[in-house]
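Below is one structure, written out as structure tokens, with a few remarks after it.
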Amino acid sequence: VVREIVEMNDLSWMDLVIGPVYQYNLSIVAPYVKNLQIPLVSPLSSKGKLTESNPYLFQIVPSIEAEFEKLASYVSNYHEYNIVLIHSGDLREEDNIFTLKRNLFRYFASLPFWYEFIIKEIIYNEDFTANDTINNIEHSLSKQVENLIIIPSGQETFASEVLASLHTLSEEYSITVLGYPTWMKFRNIELKYFYGLGVQIFTPFFINYDNYLVKNFLRKYEHNFNTEPDQFSYAWKGYDIAWYFISGLSRYGDHFFQCHKEYKPQLLEAGFEFKRVNSHGGYVNNYFRMLKFTRDYKILDINNKEAIKE
């Protein structure tokens with residue numbers, strides 16, 4: 001269907017194209033709109049290959065590389081902590097772990113030479129019993145300084161087991177946990193681990209239900225559809241993308257794509273800071289907020305210094 005639309009030349013008069021969602025279909029549309037110099041928005045894919053050669057492409061979801069660069073930059077401010085990296089050893093996440101470690105070493109290499117930099121690495125074994133896991137992790141912890149635990153995994157079962165062990169150990173050790181953006185989509189993990197450990201997560205998307213814009217959106221959505229979107233609904237992202245680009249075009253016209261860095265409208269769950277990937281490529285969103293779960297069952301948006309009620 002997508003190829004038929006392109007071949008029928010139905011998009012030639014568009015000022016903006018949002019989607020398609022899937023990377024395969026996006027690869028069909030991208031060359032076509034590039035030739036017509038029409039801005040194209042990739043709403044869900046985090047794969048940045050197409051942006052490398054298309055100056056009219058805007059990628060909404062930050063790349064894995066951007067996530068880990070942001071995380072490494074943040075960790076480098078805590079070089080005096082006992083830093084422990086825990087991962088599953090899963091081959092599917094091997095490239096991600098390598099990217100994270102490369103960024104960590106790059107940031108720490110820029111510190112003055114007298115700063116000592118050590119990362120302890122634990123590879124989790126699925127054959128471990130609960131006690132094995134606790135003992136293995138405890139050997140890497142320190143009672144003299146704060147322990148900064150990095151768990152760069154999107155696997156809910158793995159993260160849950162490690163957090164359960166850390167939650168037990170937190171009675172004797174001071175622990176801070178840095179999690180993974182996809183943790184915000186976990187459905188079955190015990191939230192007491194997040195709040196009890198003060199888990200911190202970089203994420204490009206988050207809904208503050210106390211925000212008046214969110215409340216207003218929910219009221220109108222319920223009026224029109226007789227239901228409310230849950231936190232995983234694409235309604236939030238769809239609204240933010242449409243509002244940002246369409247209102248930007250309305251306000252600045254064709255100049256919007258030259259001055260989008262100055263345009264900062266209030267949105268529902270997203271933030272946009274587009275960075276050009278190279279001199280002849282497109283733009284990838286590099287916006288992240290740091291969320292911190294607190295023991296009084298609030299979520300602190302560290303970017304905005306405001307507490308978000310659960």
Side-chain angles (χ1 to χ4, degrees), residues 46 62-109 111 115-190 192-194 196-203 288 290 293:
S46 62
S63 65
I64 294 294
E65 291 78 9
E67 290 178 7
F68 285 141
E69 181 174 354
K70 193 78 171 182
L71 180 60
S73 174
Y74 184 79
V75 171
S76 68
N77 295 315
Y78 299 91
H79 51 82
E80 73 278 12
Y81 284 22
N82 177 46
I83 301 173
V84 182
L85 175 65
I86 304 177
H87 61 90
S88 64
D90 191 321
L91 292 177
R92 291 171 296 179
E93 297 185 334
E94 187 176 38
D95 289 343
N96 291 350
I97 300 301
F98 175 80
T99 300
L100 173 59
K101 290 198 290 187
R102 182 187 62 200
N103 278 297
L104 284 170
F105 284 112
R106 180 167 60 86
Y107 272 99
F108 277 97
L111 294 174
Y115 285 126
E116 183 179 12
F117 166 53
I118 298 175
I119 292 182
K120 300 174 183 176
E121 185 173 0
I122 297 176
I123 301 178
Y124 174 82
N125 189 319
E126 63 181 9
D127 295 326
F128 283 172
T129 65
N131 286 334
D132 288 334
T133 303
I134 291 175
N135 291 334
N136 200 26
I137 293 175
E138 185 170 18
H139 289 156
S140 67
L141 300 181
S142 170
K143 289 188 176 181
Q144 283 69 51
V145 297
E146 179 78 18
N147 297 280
L148 182 61
I149 314 298
I150 308 171
I151 311 174
S153 174
Q155 300 178 45
E156 185 167 1
T157 301
F158 166 72
S160 183
E161 291 179 5
V162 174
L163 288 178
S165 299
L166 290 171
H167 192 263
T168 300
L169 291 166
S170 66
E171 297 176 5
E172 298 183 43
Y173 297 88
S174 181
I175 295 173
T176 297
V177 176
L178 290 180
Y180 200 62
T182 54
W183 288 17
M184 299 301 295
K185 297 180 180 180
F186 286 172
R187 296 175 181 264
N188 301 312
I189 199 166
E190 291 194 52
K192 70 176 183 180
Y193 300 150
F194 279 51
L197 289 166
V199 166
Q200 298 182 33
I201 298 176
F202 271 117
T203 177
F288 291 90
M290 172 63 90
F293 292 76

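Worth saying up front: this structure is predicted, and the values here are computed from it rather than measured.
Rounding to the nearest 0.5 Å gives a distance of 4.5 Å between CG of Leu104 and CD1 of Ile119. Here the CD1-CD1 distance, from Ile86 to Ile123, works out to 11.5 Å after rounding to the nearest 0.5 Å. Going from atom NE2 of His79 over to atom CG of Leu148 covers 12.0 Å, rounded to the nearest 0.5 Å. Ser174 contributes atom OG, which lies 12.5 Å from atom CG of Leu169 (distance to the nearest 0.5 angstrom). Atom OH of Tyr81 is separated from atom CD1 of Ile175 by 13.0 Å, given to the nearest 0.5 angstrom. Rounded to the nearest 0.5 Å, atoms CG (Asn96) and CD1 (Ile64) are 5.0 Å apart.
Listed here is the closest heavy atom pair of Gly154 and Thr182: CA-OG1, 3.3 Å. When every heavy atom of Phe68 is checked against every heavy atom of Pro152, the shortest pair comes out as CE2-CB, 4.0 Å. Taking each heavy atom of Ser46 and Pro62 in turn, the nearest pair found is CB-O, 3.5 Å. Pairing each heavy atom of Val199 with each of Ile201, the nearest pair is CG1-CG1, 3.7 Å.
Classified by interplanar angle (parallel below 30°, tilted 30° to 60°, perpendicular above 60°), the ring pair Trp183/Phe194 is tilted.
Annotation: side chain of Tyr107 is not in contact with side chain of Val75 (no heavy-atom distance under 4.5 Å). In this structure, the side chains of Ile137 and Tyr173 stay at 4.5 Å or more apart for every pair of heavy atoms. The shortest distance between side-chain heavy atoms of Tyr193 and Leu166 does not fall below 4.5 Å. Within the 4.5 Å cutoff, side-chain heavy atoms of Leu100 are placed close to those of Leu85. Between Ile151 and Leu163 there is a side-chain heavy-atom pair separated by less than 4.5 Å. Glu121 places a side-chain heavy atom less than 4.5 Å from the side chain of His87. Side-chain contact check for Phe202 versus Glu67: every heavy-atom pair is 4.5 Å or farther apart. Here the side chains of Glu156 and Asn188 are in contact, with some heavy-atom distance below 4.5 Å.
Evaluated for a side chain to side chain donor-acceptor pair (under 3.5 Å) with Asn82, the options Lys120, Glu146, Gln144 yield exactly one hit, Lys120.
Within the 3.5 Å criterion, the main-chain N or O of Ser153 finds no donor-acceptor partner in the side chain of Glu93. Looking at Ser73, its side chain never comes within 3.5 Å of a backbone N or O of Glu69 through a donor-acceptor pair. Proximity of a side-chain donor or acceptor of Ser160 to a complementary backbone N or O of Thr157 within less than 3.5 Å is not detected.
A side-chain donor from one of Gln200 and Tyr74 sits under 3.5 Å from a side-chain acceptor of the other.
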